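One structure is given below, encoded as structure tokens.
In each ligand, atom 1 is the first atom listed, and ligand 1 is the first ligand listed. Just so it is clear, the structure is predicted and the values come from calculations on it, not from any experiment.
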Amino acid sequence: MTISNLSTPCFILKEEELKKSIDGFKTALDTKFPNSIIGYSVKTNSLPYCLKIAKDNGCYAEVVSYHEYQLALTCGFPKNHVIYNGPMKSKETFLDVLKHKGIVNIESFREIEWLRELSCNEIYKVGIRLNIDISKISPLDENHKEDDSRFGFSADSADFKNAIQQISEYGNVRLVGLHIHRTSKTRSVDFYKNTLTYALSVINKYNLNIEYIDLGGGYFGEMPGKPTYADYVDAFYDVLKHSNNNYKIIVEPGNAILASAFDYVCTVIDVKHHNDKNVVTTDGTRNDVDPLFHKTDYFKSFIYKKSSEKCQHKQLVGGLTCLENDRLFVLEKGEKTLCLGDKIVFNRVGAYTLCLTPLFIHYFPVIYVKRGDEYCVVREEWTEKDFIMKSKY
Ligand SMILES: *Cc1c(COP(=O)(O)O)cnc(C)c1O
């Protein structure tokens, strides 16, 4: 099978690419930090086949809900290879991960109450998430003015102090981890230097006995002109080399390892002409590749059925839905003319795409995995049968 024979619209998971990204990050970490951990951010792309690759390549599962935890277990992650974050933990799974020596980063005061239910005859280790206000800690990297955060306990207010105080009152619980996570606008190396320096200052101020620092996600994947995995790891090392501790480093990349692993293919199904432009309709949709409607262009390429002439007009390329703004991109005058049956391949669309696609007009598209030159289906297209599954009517 070749890419031109695939049914469209479809996603293609490039297995080698995903493994290469995981391996690249791990290799960079291993040069400076023995015993580092990569947590695969399940929310970024929860396709079971990806979870299996992540597990088989040494990642932990970074989960943020009851259902993500159950999904990770179903896909074969052992309970001690789970990193449990976020405000939506269930009590049952929170205690389960702790009992099985997984990593839990406490996010809320209600979780601190739940610690009461642990057995008094054992010692349990927990981490805590520290609130990161990018505008205060690393202003050049802010996404917007007042780029504060809803997550973690703030060391600027009394919360962090109160939280660590409450945890320390349990005789059977040790606070051993500090978790920070933000996705900055720049994804710059300096952002990690600044936030890690801040984390160290908090560890020192409160005299915490920390074993691991979890630096969260927000990294670039390997791309020309952008920081590499090694650049990020060198930055961690630069900050940490002055401290006497051998902290275990955890990272939780989502975008960095998943974006480049997926392509999306759609086919031109109609071309109209009005208002001095070609209006090209495809069987794909912006809902699949840009579900948050932020993007204006994509890494992309074209497969033309015939050798195509230069177009004398602009070409507006849109999707299958009846949404007026299901517009994918515009080609300026002079680009090759898109005709019926031509294909568009979008690259780097594996992060925050298929996990956010709505069930709108068209259901979930088929997903292929590409190994070498071979394509196999790893998730069939959803039909009305799948859609209706839990409905009464
Ligand atoms: C979303 C998230 C990540 C992954 O973020 P990316 O920007 O995709 O790398 C990692 N850790 C936590 C806690 C998250 O919420």
Considering non-hydrogen atoms only, spot the tightest contact between Ser135 and Lys145 and give its length.
->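 Reported closest heavy-atom pair: OG-C, 4.1 Å.
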
Please give the N or O to N or O pairs under 3.5 Å between ligand 1 and the protein, distances rounded to 0.1 Å.
unit_1	atom_1	unit_2	atom_2	d
ligand 1	5 (O)	Tyr352	OH	3.3
ligand 1	7 (O)	Thr183	OG1	2.8
ligand 1	7 (O)	Gly218	N	3.2
ligand 1	8 (O)	Asn255	N	2.8
ligand 1	8 (O)	Tyr352	OH	2.6
ligand 1	9 (O)	Gly218	N	2.7
ligand 1	9 (O)	Gly254	N	3.0
ligand 1	11 (N)	Glu252	OE1	2.7
ligand 1	15 (O)	Lys43	NZ	2.6

Residues Arg286 and Asp290 bridged, charged N to O under 4.0 Å =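 Yes.
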
Does Lys20 pair with Glu222 as a salt bridge, N-O distance under 4.0 Å?
->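 Salt bridge flag = no for Glu222 with Lys20.
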
Is there a donor-acceptor pair under 3.5 Å between the side chain of Asp141 and the backbone N or O of Thr186?
->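 Absent.
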
Quick one: does Asn5's side chain have a donor or acceptor within less than 3.5 Å of a partner on Thr2's backbone?
->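 Between the backbone of Thr2 and the side chain of Asn5 there is a qualifying donor-acceptor contact (under 3.5 Å).
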
Considering only distance and modelled atom types, tabulate donor-acceptor pairs under 3.5 Å from the side chains of residues 115-123, sequence neighbours left out.
unit_1	atom_1	unit_2	atom_2	d
Arg116	NH2	Glu113	OE1	3.4
Glu117	OE2	Lys91	NZ	2.7
Ser119	OG	Asn121	N	3.0

